[in-house]
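Everything below concerns the one structure shown next.
Predicted, not measured: the structure shown is a model, and the values here were computed from it. Chain letters run A, B, ... following the sequence lines, proteins first, then strands; residues in each count from 1.
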Amino acid sequence: MDMNEIKEIFFQECEEQLAELESGLLKLNDGDRDPETVNAVFRAVHSIKGGAGAFGLDDLVSFAHVFETTLDCVRSNKLEPSQDVLKVMLKSADVLADLVSASRDGGSVEESRTRTLVKELEALANGEAPPAAHAEAPKPAAAKAEAAKPTDDSGFEPVPFTFEGFGDDEEPAVQGSTYEISFKPRRELYSKGNEAALLLRDLSRLGEMSINCDMDALPDLDKMDPEDSYFSWKVSIKTSKSEDDIRSVFEFAEWDCDLEVKLAAADARDEELPMVPVPFDLSALDETPIAEEKPASAPVAAVSKPASAAPARAEKKESPAAAAAAAAQNNAAAAAAAAGQTIRVDLDRVDRLINLVGELVINQAMLSQSVVENDATGTSAVNMGLEELQQLTREIQDSVMAIRAQPVKPVFQRMSRIVREVADMVGKSIRLVTEGENTEVDKTVIDKIAEPLTHMIRNAVDHGIESPEKREAAGKDPEGTIKLTAKHRSGRILIELQDDGGGINRERVRQKAIDNDLISPDANLSDEEIDNLIFAPGFSTADAISDISGRGVGMDVVKRSIQALGGRISISSRPGLGSTFTMSLPLTLAVLDGMVVTVAGQTLVVPLTAIVETLQPEASAIHSFGATQRLISIRNSFCPLVDVGRILNFRATQANPVEGVALLVESEGGGQRALMVDAIQGQRQVVIKSLEANYTHVPGIAAATILGDGRVALILDVDAVVAASRGQSMKPEMSLAATG
Amino acid sequence: MKKKVLTVDDSRTIRNMLLVTLNNAGFETIQAEDGVEGLEVLEGANPDVIVTDINMPRLDGFGFIEGVRRNEKYRAVPILVLTTESDAEKKNRARQAGATGWIVKPFDPAKLIDAIERVTA
């Protein structure tokens, strides 16, 4: 593992910590006062700071430090996490997330945002807490300009770990001074794992020293407490180092010993007294009863002469390769034992597994088919084995899909930030409530719903929820609520976005649709149909396109991207009470439930989600309309009939509808079409194989699959076919995005 | 004999850095993710020195150090506190809990190794 890999791990970990941070802050916002919640929030920021420091990400460190300081005030109950405080903190969490992204991707974060929040955070920390030493002077913001010395302006000043003493010859080699050191350890020094002998060893590395051990305090053996400290030392050392360097040797021990360091009298007088270096060898003490009786703290046993200390250090470094190899083994074992509940797997490996399982499913289907064809079904052993294989294959497939399944939580958490930001921009007060964040769905689905969901959330905040004044006038809570829910329903995931705003303004939607030539002025539309107009291409309800939800994308794009995932979206709205968008999505993009049909001798698969119903048309229900158009009347309403074989150019003339089967499908814009196929073979789960990846894009075809008989069957792109029937060309972007 | 180091830190990043640094320096490294796990692996690990973080879930560094010091067999094992805390109060608490010394993050590998060699024979 090299530093880049560790850095990668760091950024992964940051994502987790940021999620932890945000969910913790939101819990606090909801009135949670569990100290563990505060601790978790603090730890998240602390962890990010720690890792960032190790990689020298100074901007990140300094902001995290200020944030952490304020959080510490909350942790120590000096600062009450009120709504106002949490607002600043949530914003800070957002900036922290941006700083992490900037550090990873090389971007930058607006300095003014960082600076403003640093000020607000510091104000919070200082407001109720006793002003910290570093807060007295107005500090410059921890921003880019100060990046060179971020540790200073944030007040975060790591105490340097002073080992400069060892073999560090940068300092001018002055003649050297002689210091006299008196060192008397107390028993606490030993109980904390420190060692007088080791301290003396380190001291000896600073220069030439002579040492004198005072054993007068040593009582008789029967009175001796092996835990106590009886020795003290007087050391005289000639060194070029300063007194501070000497004291730093005792850095860990200074609380637990009496230490005196002073320039030797002779030296003070600037007189170079010849000093005879006494060989420093305490090994003789090994034999003293003290050493025998102090196994726990054995202060002397380990001391070696300075002369032998150096080679000993060198030896240790001689076989690092072998050492590392052995250590790696040990670590693997330790890690396996420690990991416990989860392991991290490269996504590529999982994808490969899914592909293989896809092949297995196809292979199994082929095997079944050839058994049937060779009429080996009579053999019950073959039959049973085959059935078992089928079951196992299905189970393996489900288990592998489950590996890719992930909770929607990260996406939902991202939404809370968007609500905050957009609400801030438009001056509304909005609460996001999420439910069912732990609902799991395939990772590719998660990745792809983030964008449409973001757009819908922006819309809900910008257009859905009214301004606080309007809400109050309508007798509502001035704070709006947006509820985001995820749940599983019949093998699909249902995501609901509900706002308690004003609902769809049908008058305006209708007018807009008329203005945009989407409907004729005298069209008679139901409320539901009017609501669904917002999904029509080129429709935008906001009178002036704001920079929040405008962006040139309308709900039609949202609808299309949901459909591209094999999903559906619908809206229900009640004036004055709000709107609910419901998205239904497949749990995976690797397999698809499809209806296998025959068209002009070809086998096609129609995604089941698109099909509303199937029917056998009667001659009396078919009506001609113009030269080529035909309509079918279903329960007293007319629906255009589309011959799939004709559209795909499988045949030159239209087939007789009465001889085929009509699949009633719902198409873009809510309208229905009846797709004519020759026959239905059955319903089956198929493995999606991308056509683009293996061949090229074919208009009207979304993807391909391999059937049990080994033949390739094409998966119909229902929307493209319907669009083609309207005389529009089939647009490639309407095709179903296939994986695998 | 290679020296054995037990590291206790909840951050995956820091754990990995410690692992790489210590392995490169020829130490044998055993890792735990928090104080509770640290105490669990302590017995089997039999470390020569322990490096621990302070802020950890379940059981923090202070609690972990106290736990080690209560263990008759390991109460004299040097414990280095690895933490970003630079204020004296935290250091003091760590010392009262029984820490031997500390290393202030961001650590540089040389300092970490020096600190370990400083408290081990």
Side-chain angles (χ1 to χ4, degrees), chain A residues 1-3 5-7 9-10 12-13 36 39-40 42-43 46-47 49-56 61 65 156-161 163 166 190-195 197-198 202 251-252 255-256 296-297 301-303 313 316-320 323-324 326-328 330-331 334-335 337-338, chain B residues 2-4 9-14 16-17 19-20 22-33 37 41 45 49-50 53 55-57 60 69 72 75-80 83-84 86 91-92 95 98-108 110-112 114-115 117-121:
Chain A
M1 189 177 311
D2 62 18
M3 272 305 166
E5 281 173 69
I6 297 179
K7 204 164 176 177
I9 291 171
F10 166 66
Q12 275 174 18
E13 200 174 10
E36 195 33 52
N39 277 337
F42 177 84
R43 262 200 315 272
H46 182 75
S47 242
K49 183 178 108 177
F55 291 107
V61 170
H65 178 73
F156 172 54
E157 206 167 334
V159 170
F161 193 74
F163 279 95
F166 303 145
Y190 299 110
S191 73
K192 284 174 191 159
N194 265 310
E195 266 298 343
L198 293 175
D202 285 349
E251 188 186 8
F252 293 164
W255 282 267
D256 300 319
S297 48
V303 179
R313 279 159 68 86
K316 258 178 274 162
K317 287 167 183 161
E318 260 172 28
S319 58
N330 272 314
N331 285 317
Chain B
K2 262 193 299 177
K3 271 181 222 162
K4 229 190 248 185
D9 199 312
D10 59 325
S11 156
R12 209 157 58 237
T13 311
I14 302 295
N16 277 300
M17 296 193 86
L19 187 65
V20 171
L22 292 171
N23 283 355
N24 286 345
F27 289 101
E28 186 178 333
T29 315
I30 300 135
Q31 301 200 299
E33 294 182 13
E37 200 194 343
V41 302
V49 60
I50 297 170
D53 191 21
N55 278 293
M56 292 183 291
D60 65 12
R69 291 289 178 242
E72 194 58 31
R75 63 191 173 128
V77 173
I79 303 176
L80 291 171
T83 177
T84 42
S86 54
K91 256 193 251 174
N92 253 334
R95 291 190 46 77
T100 310
W102 55 88
I103 305 156
V104 175
K105 287 193 277 190
F107 67 84
D108 96 60
K111 285 178 184 173
L112 172 72
D114 275 340
E117 295 195 335
R118 191 172 177 184
V119 294
T120 53

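The CG atom of Leu19(B) sits 8.0 Å away from atom CD1 of Ile6(A), with the distance rounded to the nearest 0.5 Å. One distance of note links NE2 of His46(A) with CG of Asp53(B); it measures 5.5 Å at 0.5 Å rounding. We find the NZ-OG1 distance between Lys7(A) and Thr13(B) to be 11.5 Å, quoted to the nearest 0.5 Å. For the atom pair Ile9(A) CD1 and Ile14(B) CD1, the distance stands at 11.5 Å (nearest 0.5 Å).
The side-chain hydrogen bond (donor to acceptor under 3.5 Å, both in side chains) test applied to Asn39(A) returns no partner, not counting sequence neighbours.
For Arg12(B), the parts lying under 4.5 angstrom from a heavy atom of chain A are both the backbone and the side chain.
Between Glu13(A) and Asp10(B) the shortest heavy-atom distance is OE2-O, 3.8 Å.
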